[in-house]
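For reference, the structure discussed in these notes is given below.
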Amino acid sequence: MGEKETEMLALFLSSSTYPALSSLSRSVTLDLARRTTLSALTMSMNLRTHAFAGNPLKSKTPKSTDPFSPTSAFESLKALIPVIPNQPTVSPDFKVLPFSKGRPLVFSSGGDATTTPIWHLGWISLADCKVLLASCGADLREDSLVYLGPKVEEDLVYWAVDLDEDDGVVSELGGRKLCFVELRTLMVAADWADQHAMDELAIAGHARALLEWHNVSRFCGSCGGVTVPREAGRRKQCSNETCKKRVYPRVDPVVIMLVIDRENDRALLSRQSRFVPRMWSCLAGFIEPGESLEEAVRRETWEETGIEVGEVVYHSSQPWPVGPSSMPCQLMVGFFAYAKTVDINVDKEELEDAQWHCREDVKKALDVAEYRKAQRTAAAKIEQMCKGVERSQSLSTDFNLESGELAPMFIPGPFAIAHHLISAWVDQAPGNVQPKQQAGVSLSSL
């Protein structure tokens with residue numbers, strides 16, 4: 001894929017065997033009908049929460065005595081595994097989402113000349129999971145699985161498992177039109193007008209974050225001992241009897257801010273060297289120990305651009321489980337930051353460039369980028385992957401002007417919090433920016 005062809009992905013970066021498939025057939029039909037009805041809606045109307053937020057399996061954790069709780073479900077799992085494939089019918093039942101190298105298993109449905117394909121998570125049964133693990137030379141053990149959460153109304157508990165992908169697994173899954181797909185690609189291809197699609201994206205993001213955390217926390221940071229899963233994979237513990245340190249999933253907080261020049265009605269946008277040409281986004285940076293959120297906003301803005309910030313207004317936050325495996329889940333905390341000075345002094349070690357952009361130019365950039373077309377193109381790509389067909393996609397035309405020329409700039413897409421910070425500023429009256437999802441909270445003006 002060439003530089004121009006990667007621009008569509010960059011918009012979003014800043015930024016029976018398999019009985020689950022047959023059980024989804026009716027819901028897929030309903031999804032298609034609903035998706036057709038909703039396709040005309042705009043992205044801002046349909047994002048009830050940010051991408052990767054709103055996980056339906058995480059609304060609340062059942063009490064330990066509840067059969068759907070991590071503790072009870074894990075005990076049931078231990079009893080079932082030894083008797084597979086002759087296990088009795090149980091309540092609740094279990095479904096497993098396989099991952100390989102951070103990529104969830106999916107399948108695609110519904111694509112034809114008039115409709116866009118829709119991807120779905122490739123849930124499998126415990127028996128199928130045992131077969132897949134065996135093909136990788138591994139046994140199915142209760143500590144192989146990570147608890148994701150229940151759907152009580154469906155009498156199901158959901159788990160995730162990490163597989164070593166090999167030719168046998170690829171061949172087996174390919175024959176069933178399933179494949180492992182990068183979470184970023186699924187993010188691009190998910191239909192933001194379809195709440196079910198956004199729910200599945202959130203589940204996949206949560207599962208990837210947990211599995212990648214397990215992979216990078218194999219040893220105790222205190223004594224170097226091997227860590228072992230506890231509480232159905234929701235935490236780990238050092239196996240050294242003299243240590244027994246508890247380890248919990250890691251979250252890395254990041255501030256991301258749109259710096260605003262009220263007097264001149266401008267916003268500060270920046271470019272990093274890793275960005276594709278013409279993409280501009282918000283400033284962002286990790287929070288340091290002993291630092292408040294508003295302090296991090298001011299420090300990062302000053303360090304990267306030399307601009308002093310006064311008032312800081314909270315907008316919203318977004319989990320971001322598509323970073324490197326060393327940081328399996330970042331939490332993006334979004335702010336509007338109001339500039340006290342306007343002279344830019346770019347730190348070239350951090351940024352390639354930073355510039356003030358007027359409201360009209362930013363609005364044009366948002367209007368030009370065809371985010372819906374990019375989503376459809378990515379969905380078609382996943383369908384081809386699941387069919388085992390390699391097909392080159394030319395994506396650069398998604399961001400051309402009507403004349404066919406390249407757009408002078410573009411903004412991250414609707415699955416990045418940067419998009420919503422920028423679009424909220426564009427849509428509001430000059431000098432009066434409030435977040436769309438909730439009232440702004442001014443943290444400090446010192």
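Atom set for the values below is all heavy atoms of this structure, side chains included, hydrogens, waters and symmetry mates excluded.
Atom CG of Asp367 is surrounded by more than 12 heavy atoms from other residues, nucleotides or ligands within 6.0 Å. Counting heavy atoms of neighbouring residues, nucleotides and ligands inside a 6.0 Å radius, atom CH2 of Trp356 exceeds 12 of them.
Legend: residues meeting ring pair (Phe, Tyr, Trp, His ring centres under 6.0 Å) with Phe94, ordered by chain and number and at least two apart, are Trp159.
You'll find the side chain of Met187 reaches within 4.5 Å of the side chain of Leu201, heavy atoms only. Proximity of His206 to Leu148: side-chain heavy atoms (C-beta onward) are separated by under 4.5 Å at one or more points. Between Glu294 and Phe335 the shortest side-chain heavy-atom distance does not fall below 4.5 Å.
The two atoms that bring Pro249 and Leu210 nearest to each other are CG-CD2, 3.9 Å, heavy atoms only. Of all heavy-atom pairs spanning Glu212 and Pro328, the tightest one is CB-CB, 3.7 Å.
The distance between the ring centers of His420 and His315 does not fall below 6.0 angstrom. Annotation: Phe415 is in aromatic contact with Trp192 [ring centroid separation under 6.0 Å]. Under the 6.0 Å cut-off for aromatic ring centres, Phe336 and Trp425 do not qualify, their centroids lying 6.0 Å or more apart.
The backbone N or O of Glu288 lies less than 3.5 Å from a partner atom in the side chain of Glu291, making a donor-acceptor pair. With Thr301 contributing its side chain and Val309 its backbone, the two residues share no donor-acceptor pair below 3.5 Å. Listed for the Arg103 side chain is a donor-acceptor partner under 3.5 Å among the backbone atoms of Ser100. Although no hydrogens or angles enter the test, the distance criterion places a donor-acceptor pair under 3.5 Å between the side chain of Ser144 and the main chain of Arg141. Judged by distance alone, with hydrogens and angles left aside, the side-chain atoms of Arg271 form a donor-acceptor pair with the main-chain N or O of Met279 at under 3.5 Å. Judged purely by atom type and a 3.5 angstrom limit, Glu295 uses its side chain to pair as donor or acceptor with the backbone of Ser292. Distance alone, capped at 3.5 Å, is enough to place a donor-acceptor pair between the Arg218 side chain and the Asn215 backbone. Under the 3.5 Å distance criterion, the side-chain polar atoms of Arg208 are matched with a main-chain donor or acceptor of Pro321. Although no hydrogens or angles enter the test, the distance criterion places a donor-acceptor pair under 3.5 Å between the side chain of Gln318 and the main chain of Ile417. Under the 3.5 Å distance criterion, the side-chain polar atoms of Lys387 are left unmatched by any main-chain donor or acceptor of Lys177.
Between Cys179 atom SG and Ile382 atom CD1 the span is 7.5 Å, to the nearest 0.5 Å. Atoms OG and CG, on Ser270 and Leu351 in that order, are 5.0 Å from each other to the nearest 0.5 Å. Rounding to the nearest 0.5 angstrom, the gap separating the CG atom in Leu121 from the OH atom in Tyr158 is 10.0 Å.
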task: Show your reasoning for whether ring pair (Phe, Tyr, Trp, His ring centres under 6.0 Å) applies to His419 and Tyr371.
output: CA-CA 11 Å; His419 178 95; Tyr371 299 114; 5.2 Å; yes
- request: Give the C-alpha distance, both sets of side-chain angles, the deciding distance and a yes or no for side-chain hydrogen bond (donor to acceptor under 3.5 Å, both in side chains) between Ser108 and His120.
  value: CA-CA 6 Å; Ser108 182; His120 305 271; over 6 Å; no
task: Test Arg266 against Asp361 for salt bridge (charged side-chain N to carboxylate O under 4.0 Å, His left out), laying out the working first.
output: CA-CA 10 Å; Arg266 302 180 297 179; Asp361 286 347; over 6 Å; no
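Pairs of residues two or more places apart, or lying in two chains, never qualify as salt bridge (charged side-chain N to carboxylate O under 4.0 Å, His left out) while including a residue from residues 147-156.
Between Lys236 and Asp143, none of the side-chain N atoms (NZ, or NE/NH1/NH2) sits under 4.0 Å from a carboxylate O, so this pair counts as no salt bridge.
Only one option out of Leu421, Leu269, Val368 pairs with Ile411 in a side chain to side chain contact (heavy atoms under 4.5 Å, CB included); it is Leu269. Here the options are Val96, Leu77, Leu145, Leu132, the test is side chain to side chain contact (heavy atoms under 4.5 Å, CB included), and the partner is Leu140; only Leu145 passes.
A cation-pi arrangement is absent between Arg278 and Phe410, since the terminal nitrogen or guanidinium carbon is not both under 6.0 Å from the aromatic centre and inside a 45° cone about the axis.
Side chains of Ser316 and His50: a donor on one and an acceptor on the other come within 3.5 Å. Looking at Thr185 and Glu182, their side chains never bring a donor and an acceptor atom within 3.5 Å of each other. Asn55 and Asp199 share no side-chain donor-acceptor pair at under 3.5 Å.
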